[in-house]
Amino acid sequence: MSGTAGETAERVPPDRPALPEEIAELTDPGHREDPYPFLDRLRERSPYRPFDGLVVVGRHAQVSALLRDPAMSSARDRATLAPTPRGPRTRNFLHLDPPEHTRYRRLVAGAFARRQVAGLEPRIRGIAADLIGTAAEAGTLDVVEGLAYPLPLQVICELLGVPFEDRQLLQDWSGILSEALDPPLGAAPQGMTTEAARARAGFVTYFRKLIEERRAAPRDDLISHLVQVEEHGERLDDHDVLATCVLLLNAGHETTVNLIGNAVLALLRHPEQFARLRAAPGRTAPAVVEEVLRYDAPVQMTTRVAREEGAVGGAALHSGDTVLLLLGAANRDPEVYPDPGGFDIGRSPAAPHLSFAAGPHFCLGAGLARLEVAVALELFATLLVRPRLRPDGLAYRPNLNLRGPARLRIDMDDVRPGRVPGARSAAAEGRSHDS
Ligand code: HEM
């Protein structure tokens, strides 16, 4: 993620020179279906300075080292390229550097610890099973609309204590803000900044009200935890709570939806790998998740800003340079992965993929995302009889960074509702937060 909700979108400076061919090809919306040939070219040129202020890095070893390098800042407002002023009060910890970053991250990290996440499994199974179950009535399923979007959204809403009934509102704002996450490369669509600012204002008003309510009457949810939490005599003020809530809500579902979509698509396109999953769904699903993360990264890139003069791969880095880290390209680096464009759930890679980044900002929700997607794929493989992609079933999201299908329609012969492994009905567990 190169930015996140709660920010205003960067504008392309008017004096930006014409885009070099490599970048123009990558940003071309016509190439969303398969950006990998263009990413391969950028990786081969890495490190590459297309114009002053920007350095593009795509080799696995370079990306991995830079993500861990303390000379690389996550405070994007330091960049000479996109000097959009951002008040510190609107920044969330994705944009902070240690030690400030460490303090904020620690306050929420407990909620995403391994044991806490494992405890969510029955609930995640219940929600996923209910969602897939409704497909039985229709005989057809848009995987994005029917499963990939609502599953992580409902889970993060319940964790935070946000009424799921408000999902349409949240979905609209968050969709707009996710487009504003694209790095400052191509021409931004007209009106994006105003639209993103409006969406951000919507989130602010919405969460302010919830925060006030939880201060007055705390519940067993993350918002209540955040308003109450105290460390070394310090508390989070409402601005901090708000920025953290918006970060968690958006990061918690706008990425996972793409991982589910990319995974289902990869399985449908590689029947032999799908057969391996079907042979042992519970045991194999985690390996499928890891290979999809490598093969088709849901977050394709992130940025850092060089704090000082330095170097990468023999090329100079100047203070204030934006360093564009191509996570999706690094995951297909032939120096690390043999047959990098192949989808093979049995691989044991020499180095981990970088889809959750690395270093201090390593995705806080990685464990939760892995569990949600493993459960979704396990149930998908177990319950659906002969699922197949419709001829006109696939359309990609317009985003460059958050990569995944906007539509993924499949047909199936049947759904086996009686065979949900370990599922409890979401309705039966019914945790409503607006009662
Ligand atoms: C497949 C799903 C996901 C992917 C691919 C993903 C990817 C990423 C990446 C690449 C970063 C690092 C960004 C950077 O350093 O610039 C990140 C950070 C983060 N992610 Fe995720 N994420 C996913 C799911 C989630 C979920 C479910 C949550 C949970 C609420 C979450 C919460 C966060 C947070 C809070 C950060 C900021 C961490 C920090 O700055 O210390 N993510 N994620």
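Indexing begins at 1, ligand by ligand and atom by atom, following the structure's order.
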Got an N/O contact under 3.5 Å between [X] and ligand 1?
X	result
H101	yes
T303	no
S355	no

Side chain, backbone, both or neither: which part of [X] comes within less than 4.0 Å of ligand 1 when only heavy atoms are counted?
X	answer
R304	side chain
F112	side chain
I156	side chain
H361	both
L247	side chain
A297	neither
T302	side chain
E372	neither

Considering all heavy atoms, the nearest F380-I132 contact | N-CD1, 3.8 Å
Closer than 4.0 angstrom, basic N to acidic O: yes or no for [X] and [Y]?
X	Y	value
R307	D97	yes
R214	D221	yes
R370	E290	yes
E291	R294	yes
D344	R347	no
R403	D296	yes

Determine whether any heavy atom of [X] lies closer than 4.0 Å to an atom of ligand 1.
X	result
H95	no
R106	no
G359	no

Would you call the rings of F343 and Y295 parallel, tilted or perpendicular if under 30° counts as parallel and over 60° as perpendicular?
-> tilted
Element-labelled atoms of ligand 1 that are located less than 4.0 Å from some non-hydrogen atom of [X]:
X	result
R76	16 (O)
L259	1 (C)
P360	41 (O)
A357	10 (C), 12 (C)

Side-chain H-bond candidate by donor/acceptor type, E254 with Y149, under 3.5 Å =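 Yes.
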Taking the six-membered ring for Trp and the full ring for Phe, Tyr or His, determine whether the centres of H95 and H101 are under 6.0 Å apart.
->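 Not under 6.0 Å, so no.
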State which residues pass ring pair (Phe, Tyr, Trp, His ring centres under 6.0 Å) with F207; sequence neighbours excluded, sorted by chain then number.
-> none
